[in-house]
Engineer: 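What follows is a structure written as structure tokens; I'll ask about it next.
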Amino acid sequence: MKVLGIETSCDECSASVVESRNDTVHVRSLSTFSQIEIHQPYGGVVPEIASRNHLETINHRIEAALAEANVTLKEIDAIAVTNRPGLVGALLVGVSAAKALSYAYQKPLIAVHHLEGHLCSIFLDQEKIPQKYPILGAVISGGHTNLYVLKSRPDQWSVDFLKHSLVARSRDDAAGEAFDKTAKLMGFPYPGGVWIDRNSEGGDPAKYAFPRALNQKEVFDFSFSGLKTAVSLIVEDLRKKEQLQKETSHLCASVQAAIVDQLVSKIKNAAEYFGCQSVAIVGGVAANRALKAKLNEKLKIPFFSPDLKYCTDNGAMIAAAGLFRFRQNHQLNFEQSLTLNAIAYPES
Ligand code: KG4
Ligand code: ZN
């Protein structure tokens, strides 16, 4: 079974063809255009600019994904597209393209929740789908910091499984957002997570004592907004003393430690509380080296993370989510396919 997946929820325009082979989801192709450089001068994603760029590149991404997979649209079994949550204008570009192709080629259409897509990235190109459930799935991105307890294989997930399996979320900023906003205060370009990661090398993570919010053991939710205020006060002070540059590595290491400590302690506590057999981290922040090192050090159960190109927004995870839903006959009917809409928020 082959599924074409389309993702345009934020600033990545991506298409992919995946194929199911026994229990494995094999990625036949992936074509992604990242708009990071386009939005960099503005210090963040500008929704209208994102939509326009999706419009310019979407057809090329789909054509490239089909060509790389060496398949035609006629040979595709279903089309999956992210329709929520995200920037509504950006989502609409992908949704419109998918609807048009589904109608023209008479292919089943599957609407995919972006966060379900992220969770499905766990299963991409894995030799064997992890068999030991429950898995604690942590979606740690620029927009979300959500913990899910995955009790069964993805082709057994119910329609409303996201709602039922969510056990923790950020009460304010997402972890990636905390990286990006504090990096911006220090003068790094958007998105700042990778700059903090790189610049923390050789820095002392204990030099600046930044807050670790909600540190009660039984609270699994996250909170990162207090960190911004603490960092902005220190940055202001260091700037006045003309010591910001000299302190950059210590500052980056300390900010990173504050975010990573909170992530790791909540993930560990939640995994223990819910009796999880393993932990999977997905989303852009999963690229963070300190986070992976600390999880390795602190967790007593195995943890894994997909290849980096599947952690950041991509069409393959959407195609995989569509494939699992298609196996359960969760494709839209003809009328629903014609009226499918883009929705900005995560829940109904
Ligand atoms: O999953 P993603 O590509 O997009 C969203 O759905 O948000 O995640 C992007 C986020 C950004 O906040 C970015 O700064 C962060 O992932 N990120 C990192 C690293 N690489 C990307 N954060 C910390 N360390 C990194 N190495
Ligand atoms: Zn995402």
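Computed from a predicted model, the values in this text were never measured in an experiment.
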Engineer: Taking all non-hydrogen atoms of both residues, which atom of Ala342 and which atom of Val88 are closest, and how far apart?
Structural biologist: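 Heavy-atom minimum between the residues: O-CG2, 3.7 Å.
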Engineer: Applying the side chain to side chain donor-acceptor pair (under 3.5 Å) criterion to Arg325, which one of Gln331, His330, His113 satisfies it?
Structural biologist: His330
Engineer: Nearest 0.5 angstrom please: Leu150 CG to Leu136 CG, how far?
Structural biologist: 7.5 Å
Engineer: Is there a side-chain contact between Leu295 and Lys268 (heavy atoms, below 4.5 Å)?
Structural biologist: no
Engineer: Could you label the plane-to-plane angle of the His118 and His114 rings as parallel, tilted or perpendicular, counting under 30° as parallel and over 60° as perpendicular?
Structural biologist: perpendicular
Engineer: Charged N to carboxylate O under 4.0 angstrom, Arg61 versus Glu7?
Structural biologist: no
Engineer: Could you tell me which non-hydrogen atom of Leu147 sits nearest to which non-hydrogen atom of Ala138, and how far apart they are?
Structural biologist: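 Distance-wise, the nearest heavy atoms are CD2-CB, 3.5 Å.
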Engineer: Under 3.5 Å, side chain of Ser29 to main-chain N/O of Glu68, donor-acceptor pair present?
Structural biologist: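 Side chain of Ser29 to backbone of Glu68: no pair is present.
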Engineer: With a cut-off of 6.0 Å (strictly less than), are more than 12 heavy atoms of other residues, nucleotides or ligands near CD of Glu37?
Structural biologist: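 No, not enclosed.
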Engineer: Centre-to-centre under 6.0 Å for Phe274 and Phe220, is that the case here?
Structural biologist: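 Yes - the distance between ring centres of Phe274 and Phe220 falls below the 6.0 Å cut-off.
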Engineer: Around atom NZ of Lys184, are there more than 12 heavy atoms from other residues, nucleotides or ligands closer than 6.0 Å?
Structural biologist: no
Engineer: Taking Ile36 as the starting point, is it possible to reach Val194 by hopping between hydrophobic residues whose side chains are less than 4.5 Å apart?
Structural biologist: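 No; Ile36 is not reachable from Val194 via cluster members.
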Engineer: Spell out, as yes or no, whether a donor-acceptor pair under 3.5 Å connects the side chain of Asp172 to the backbone of Ser225.
Structural biologist: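 Looks like yes, one N/O pair under 3.5 Å.
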Engineer: Determine yes or no for a side-chain-to-main-chain donor-acceptor pair under 3.5 angstrom, with Lys217 supplying the side chain and Asn269 the backbone.
Structural biologist: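 Absent.
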Engineer: May I have the step-by-step check of side chain to side chain contact (heavy atoms under 4.5 Å, CB included) for Lys292 and Phe303, ending in yes or no?
Structural biologist: CA-CA 9 Å; Lys292 284 185 189 162; Phe303 109 86; 4.0 Å; yes
Engineer: With side chain to side chain contact (heavy atoms under 4.5 Å, CB included) as the test, would you mind laying out the steps for Phe210 and Ile234 before giving the verdict?
Structural biologist: CA-CA 10 Å; Phe210 291 123; Ile234 302 269; 3.8 Å; yes
Engineer: Closest approach of Ile301 and Gln277, non-hydrogen atoms and distance?
Structural biologist: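 Heavy-atom minimum between the residues: CB-O, 3.5 Å.
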Engineer: Using the rule that two of Ile, Leu, Val, Met, Phe, Trp, Tyr join whenever any of their side-chain heavy atoms come within less than 4.5 Å, decide whether Leu91 and Val93 are in one cluster.
Structural biologist: no
Engineer: Rounded to the nearest 0.5 Å, what separates atom CG in Asp197 from atom CG in Asn288?
Structural biologist: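 It is 4.5 Å, given to the nearest 0.5 Å.
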Engineer: Would you call Leu124 and Pro306 a side-chain contact if the rule is heavy atoms closer than 4.5 Å?
Structural biologist: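 A side-chain contact is absent here, since even the closest heavy-atom pair is not under 4.5 Å.
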Engineer: Kindly indicate whether the side chain of Leu92, heavy atoms from C-beta on, has any atom under 4.5 Å from the side chain of Ser51.
Structural biologist: no
Engineer: Salt bridge between Glu48 and Arg52, side-chain N to carboxylate O under 4.0 Å?
Structural biologist: yes
Engineer: If you compare all heavy atoms of Ala69 against all heavy atoms of Val17, which two are closest, and at what distance to 0.1 Å?
Structural biologist: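 Reported closest heavy-atom pair: CB-CB, 3.7 Å.
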Engineer: Out of curiosity, Leu66 CG to Leu73 CG, how far, rounded to the nearest 0.5 Å?
Structural biologist: 4.5 Å
Engineer: Any donor and acceptor pair, going by atom type alone, linking the side chain of Asp125 with main-chain N or O of Val27 inside 3.5 Å?
Structural biologist: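 The answer is yes, because a donor-acceptor pair under 3.5 Å joins these two groups.
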Engineer: So Arg171 and Ser223, side chain to side chain donor-acceptor pair (under 3.5 Å) or not? Walk me through it.
Structural biologist: CA-CA 5 Å; Arg171 294 188 185 173; Ser223 169; over 6 Å; no
Engineer: Just wondering, more than 12 heavy atoms not from Lys228 lying within 6.0 Å of its NZ?
Structural biologist: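 Yes, enclosed.
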Engineer: Grouping I, L, V, M, F, W and Y whenever their side-chain heavy atoms are under 4.5 Å apart, do Met1 and Val112 come out in a common cluster?
Structural biologist: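 Yes, because Met1 and Val112 connect within a single hydrophobic cluster, where side-chain heavy atoms sit under 4.5 Å apart.
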Engineer: Would you call Arg28 and Glu75 a salt bridge, taking side-chain N to carboxylate O under 4.0 Å as the test?
Structural biologist: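 No, this pair does not count.
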Engineer: Taking the side chain as C-beta and beyond, is there a heavy-atom pair between Ile281 and Ile267 under 4.5 Å?
Structural biologist: yes
Engineer: Provide the closest heavy-atom pair for Gly117 versus Ala321 in the form atom of the first, atom of the second, distance.
Structural biologist: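 Gly117 and Ala321 have their closest heavy atoms at CA-CB, 4.1 Å.
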Engineer: Would you check if the side chain of Lys2 reaches a backbone N or O of Val71 as a donor-acceptor pair within less than 3.5 Å?
Structural biologist: no
Engineer: With heavy-atom distances below 4.5 Å as the criterion, would you say the side chains of Leu101 and Lys107 are in contact?
Structural biologist: no
Engineer: Please check if the side chain of Ser141 supplies one atom and the backbone of His144 the other of a donor-acceptor pair under 3.5 Å.
Structural biologist: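 Such a contact is found between Ser141 side chain and His144 backbone.
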Engineer: Treat each ILVMFWY residue as a node, draw an edge where side-chain heavy atoms are under 4.5 Å apart, and state whether Val81 and Val25 are in one component.
Structural biologist: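 No, it is not one cluster - the side chains of Val81 and Val25 are not joined through contacts under 4.5 Å.
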Engineer: Can you measure from CZ (Arg212) to CG (Leu227) and round to the nearest 0.5 angstrom?
Structural biologist: 8.5 Å
Engineer: Can any side-chain N or O of Asn314 pair as donor or acceptor with the backbone N or O of Thr312 at less than 3.5 Å?
Structural biologist: yes
Engineer: When you measure from the side chain of Asp204 to the backbone N and O of Ala253, does any donor-acceptor pair fall under 3.5 Å?
Structural biologist: no
Engineer: Could you pull out the closest heavy-atom pair between Ala257 and Pro205, with the gap in Å?
Structural biologist: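 Closest pair (atom of Ala257, atom of Pro205, distance): CB-CB, 3.8 Å.
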Engineer: Run the side chain to side chain contact (heavy atoms under 4.5 Å, CB included) test on Ser170 and Glu177 for me, step by step, so that the C-alpha distance in whole Å, both residues' side-chain angles and the decisive distance to 0.1 Å come before the verdict.
Structural biologist: CA-CA 11 Å; Ser170 176; Glu177 199 177 354; over 6 Å; no
Engineer: Can you establish whether the number of heavy atoms outside Glu335 located under 6.0 Å from its atom CD is more than 12?
Structural biologist: no
Engineer: Phe161, Val159: one ILVMFWY side-chain cluster at the under-4.5 Å cut-off?
Structural biologist: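 Hydrophobic grouping puts Phe161 apart from Val159.
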Engineer: Taking atom CD of Gln245 as the centre, report whether more than 12 heavy atoms of other residues, nucleotides or ligands fall under 6.0 Å from it.
Structural biologist: no
Engineer: Please confirm whether the backbone N or O of Ile49 pairs with a side-chain atom of Asn53, one donor and one acceptor, at under 3.5 Å?
Structural biologist: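 Looks like yes, one N/O pair under 3.5 Å.
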Engineer: List the steps and the verdict of side chain to side chain contact (heavy atoms under 4.5 Å, CB included) for Ile140 and Phe222.
Structural biologist: CA-CA 11 Å; Ile140 318 175; Phe222 305 86; over 6 Å; no
Engineer: Give a yes or no on whether the backbone of His26 and the side-chain of Thr24 come within a donor-acceptor separation of less than 3.5 Å.
Structural biologist: no
Engineer: Got Phe33 and His60 here, is their nearest side-chain heavy-atom distance under 4.5 Å?
Structural biologist: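 Not touching, per the 4.5 Å side-chain cut-off.
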Engineer: Measure the CD-OH distance between Gln126 and Tyr310 for me, rounded to the nearest 0.5 Å.
Structural biologist: 10.0 Å
Engineer: Between Thr248 and Cys252, is there a side-chain heavy-atom distance shorter than 4.5 Å?
Structural biologist: yes
Engineer: Counting only heavy atoms from other residues, nucleotides and ligands, does the tally under 6.0 Å from CH2 of Trp157 exceed 12?
Structural biologist: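 Count over threshold, so yes.
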Engineer: Are the side chains of Leu162 and Leu119 in contact, using a 4.5 Å heavy-atom criterion?
Structural biologist: yes
Engineer: About how many Å separate CG of Leu214 and CZ of Phe224, when rounded to the nearest 0.5 Å?
Structural biologist: 9.5 Å
